[in-house]
Amino acid sequence: MLNVGKKRAIERGLGEDPSLVWVEGNAEALNFKDDSMDGYTIAFGIRNVTHIDKALAEAYRVLKRGGRFLCLELSHVDMPIFKEL
């Protein structure tokens, strides 16, 4: 998936953008300093980590005060009223 993201960044003219850092790692033990990130994104990560509490604690640890945590999780919805949304 990182390669797909890199390819799309290049296609959109963002291939040389120094603010984009591509990292593959363990969400439960991030190799970053405390309070070092402005943003943290994870897709399908909550369902795919062994210890959700550790992954969230790591995200909180590396984010600067006021930093953004963005998590993409999709699922099927069984309640008809929410299905329409």
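Index from 1, following the sequence.
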Point to revise | Same apolar cluster (I L V M F W Y, side chains within < 4.5 Å links), V62/L20 | key: no
Practice item. Step through the shown structure and confirm whether more than 12 heavy atoms of other residues, nucleotides or ligands are within 6.0 Å of CG on D78. Key: no
Check your understanding: CG/L56 to OH/Y40 distance, rounded to the nearest 0.5 angstrom?
Key -> 8.0 Å
Exercise for review: Could you tell me whether K6 atom NZ has more than 12 heavy atoms of other residues or ligands within 6.0 Å of it?
Suggested key: yes
Check your understanding: Is F69 reachable from F32 through a run of I, L, V, M, F, W or Y residues, each pair having side-chain heavy atoms under 4.5 Å apart?
Key -> yes
Review point. Say you draw a straight line from CG of D38 to CG of L63; how long is it, rounded to the nearest 0.5 Å?
Key: 8.5 Å
Point to revise | Expected output: side-chain E28 to main-chain H51 donor-acceptor under 3.5 Å | key: yes
Check your understanding: Roughly how far apart are N31 CG and E58 CD, rounded to 0.5 Å?
Key -> 10.0 Å
Exercise for review: Give the cluster check for V23 versus V49: same hydrophobic cluster or not, with ILVMFWY residues linked at side-chain heavy-atom distances below 4.5 Å.
Suggested key: yes
Point to revise | Gap between atom NZ of K64 and atom NZ of K33 - 0.5 Å precision | key: 12.0 Å
Review point. Hey, quick one: are V21 and L2 part of the same hydrophobic cluster, counting side-chain heavy atoms closer than 4.5 Å, chains of contacts allowed?
Key: no
Exercise for review: Would you indicate whether the side-chain heavy atoms of W22 and N3 approach each other to under 4.5 Å?
Suggested key: no
**Study point:** Test: E11 and R8 ion pair at under 4.0 Å
**Key:** no
**Study point:** Spacing of L14 atom CG and I10 atom CD1 [to the nearest 0.5 Å]
**Key:** 10.0 Å
Point to revise | Side-chain donor/acceptor of E73 to backbone N/O of I46, under 3.5 Å | key: yes
Check your understanding: With the 4.5 Å side-chain cut-off for hydrophobic clustering, are L30 and I52 part of the same group?
Key -> yes
Review point. Hey, does the side chain of R65 reach the backbone of D35 with a donor-acceptor pair shorter than 3.5 angstrom?
Key: no
Review point. Can you tell me if CZ on R47 sees more than 12 non-hydrogen neighbours from other groups inside 6.0 Å?
Key: yes
